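Remarks on the structure that follows.
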Amino acid sequence: MSHREPHKTLLPTESSDLESGLSLTPRIKLNLTIHRADKSVSPIDEWKFKRSFIDYLRKSHSVAVPEEDIKVFKYRDLKKRKREDPVARGSFIVVDLGFLSKRLRLNGEDAIGEEFLKWRKEFAAEIDGIELNLEGVKFRLSVEVPEGDDFEGMRKEWEELAAFGTRGYSRSEKQQPDTIILRGLPSRWFAEPRVSSKPSMLVTHTIFSGFGKIRNLDVSEDNDIGEDEDEDGGNLVTGLNCKIVVQFESHKDFCNALKILSGRSLNKQGSRLRADYEVTWDRDGFFRNSRNRSEQSKRWMPVTDVGNYRNEASGRHAQVSRISPDDARRKRLKD
């Protein structure tokens, strides 16, 4: 069975097609922390904030952001919080990058990656510290690039850990990361059509093997993404999202995959939904430390197949599945 060529490295403004009708589209995502800028104790009005912020982005930066791409999560019990504490956190996403693509190409294709990072850094710096006046109530914004959208920052972190620390690794091991963690992915997009709404290990393996040869794969429900016990938010419906952990055979494939997945959103052909997932690298040796978790999970999870393949956990427990490349090939031949 021939192995597919890994996806080529993309420019930060390019899209990429995956298997199963999925595609990756570029984005600029910035996280927001919102503080009071006056002595008011009034809670932040989410609708007024979004309208004011949209107007600011349009007038000051000629950037269009629809209301649904601005997320605001208010903190509870504002009257009990200190004045210097934030009243809300959130994020906004710019997906229409046509204006930026044209501008970046003026400097030549070889410089696009560097110019993109420079523009994003300047864009974030200009927004950081601004004050919005919501009909007499002022709020100040702090802005930062999310960890998962900053590939160079993540690479610098693991290189420093390799040089000065051994977190998640034994001293005898070559300290090069090889595992990616993704959260906030729609479970149905990784399921077998007309079979189940839960993510399939085979479908997931097929999608991510396009980035390189996979050593280990784990899929589980992701019900607590973005939750904070101090935030005023609605209850999440369990089982809608999944968490995927992918360990590659080579550090090179890991780097290429993380660079492509960083700073992008996932789309599904025929769906209007866009998945603004979170991605990072495994700092704690997920598969190295999985033996204890596996033993604990056996207490409640029925084994439904042979080898490393387990699926369909019941009740409120997270679905935990693990598969190796050889298991995937045997399963396909059996089908």
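Since this is a predicted model, take the numbers as computed values, not measurements. No hydrogens, no waters, no symmetry mates; every other heavy atom, side chains included, goes into these values.
A salt bridge links E147 with R283: the closest approach of a Lys/Arg side-chain nitrogen to an acidic carboxylate oxygen falls below 4.0 angstrom. Taking the charged nitrogens against the carboxylate oxygens, E159 and K156 have no contact shorter than 4.0 Å, which rules out a salt bridge.
Closest heavy-atom contact between Q247 and D178: NE2-OD2, 3.3 Å. When all heavy atoms of V279 and L182 are compared, the pair lying nearest together is CG2-CG, 4.0 Å. Residues A88 and Y75 share a closest heavy-atom pair of N-CD1, 3.4 Å. When all heavy atoms of P26 and R264 are compared, the pair lying nearest together is CA-CG, 3.8 Å. When all heavy atoms of E126 and Y56 are compared, the pair lying nearest together is O-OH, 3.6 Å. P199 and V219 get closest at one heavy-atom pair: CG-CG1, 3.5 Å.
A donor and an acceptor atom, one from each side chain of D276 and S265, are located under 3.5 Å apart.
Taking CE of M154 as the reference point, atom CD of E157 lies at 9.0 Å (rounded to 0.5 Å). Rounding to the nearest 0.5 angstrom, the gap separating the OG atom in S220 from the CG atom in N241 is 11.0 Å. Interatomic distance, CD of E144 versus OG1 of T33, reported as 6.0 Å (0.5 Å rounding). Note that NZ of K50 and CG of L134 are 13.0 Å apart. Values are rounded to the nearest 0.5 Å. Note: I214 CD1 to S250 OG = 11.5 Å, rounded to the nearest 0.5 Å. For the atom pair CZ (R51) and CD (E67), the distance works out to 5.5 Å, reported to the nearest 0.5 Å.
Considering only heavy atoms from C-beta on, R215 stays 4.5 Å or farther from F287 through its side chain. Annotation: side chain of I180 is not in contact with side chain of V245 (no heavy-atom distance under 4.5 Å). Looking only at side-chain heavy atoms (C-beta outward), L266 and L18 come within less than 4.5 Å of each other. You'll find the side chain of F92 reaches within 4.5 Å of the side chain of L30, heavy atoms only. When side chains are defined from C-beta on, F99 does not count as touching S62, because their heavy atoms never get closer than 4.5 Å. Considering only heavy atoms from C-beta on, D55 comes within 4.5 Å of R58 through its side chain. Considering only heavy atoms from C-beta on, I28 comes within 4.5 Å of L100 through its side chain. Under the 4.5 Å side-chain criterion, counting only non-hydrogen atoms from C-beta, W281 is not in contact with S262.
A donor-acceptor pair under 3.5 Å links the side-chain atoms of K71 to the main chain of E68, judged by distance alone. In terms of modelled atom types and a separation under 3.5 Å, the side chain of D149 and the main chain of V145 share no donor-acceptor contact. K243 places no side-chain N or O within donor-acceptor distance of the main-chain N or O of D218, the cut-off being under 3.5 Å. Formation of a donor-acceptor pair under 3.5 Å by the E114 side chain with backbone atoms of A111 is not found in this model. In this structure, H251 contributes its side chain and P177 its backbone to a donor-acceptor pair below 3.5 Å. Side-chain atoms of S52 do not come within 3.5 Å of backbone N or O of K48 as any donor-acceptor pair.
Under the ring pair (Phe, Tyr, Trp, His ring centres under 6.0 Å) criterion, F139 pairs with no residue, sequence neighbours left out.
By the criterion of side-chain heavy atoms lying less than 4.5 angstrom apart, applied directly or through intervening Ile, Leu, Val, Met, Phe, Trp or Tyr residues, L117 is grouped together with I127 in one hydrophobic cluster. No chain of hydrophobic side-chain contacts below 4.5 Å, direct or via other Ile, Leu, Val, Met, Phe, Trp or Tyr residues, connects I93 to F116. No chain of hydrophobic side-chain contacts below 4.5 Å, direct or via other Ile, Leu, Val, Met, Phe, Trp or Tyr residues, connects V95 to V65. Under the 4.5 Å side-chain heavy-atom criterion for Ile, Leu, Val, Met, Phe, Trp and Tyr, L132 and W47 are members of distinct hydrophobic clusters.
The side-chain tip of R27 points at the ring of Y277 from less than 6.0 angstrom away and within 45° of straight on.
Note on ring orientation: taking the six-membered ring where Trp is involved, the planes of F208 and F211 are tilted (angle from 30° to 60°).
Within 6.0 Å of atom CD in E122, more than 12 heavy atoms from other residues, nucleotides or ligands are found, so the atom counts as buried in its surroundings. Heavy atoms from other residues, nucleotides or ligands lying under 6.0 Å from CD of Q269 number 12 at most.
A side chain to side chain contact (heavy atoms under 4.5 Å, CB included) with L22 is found for one member of V203, L185, I207 and no other, namely I207.
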Problem set entry | Worked check of salt bridge (charged side-chain N to carboxylate O under 4.0 Å, His left out) between R183 and D222 | CA-CA 7 Å; R183 303 189 64 183; D222 192 22; 2.6 Å; yes
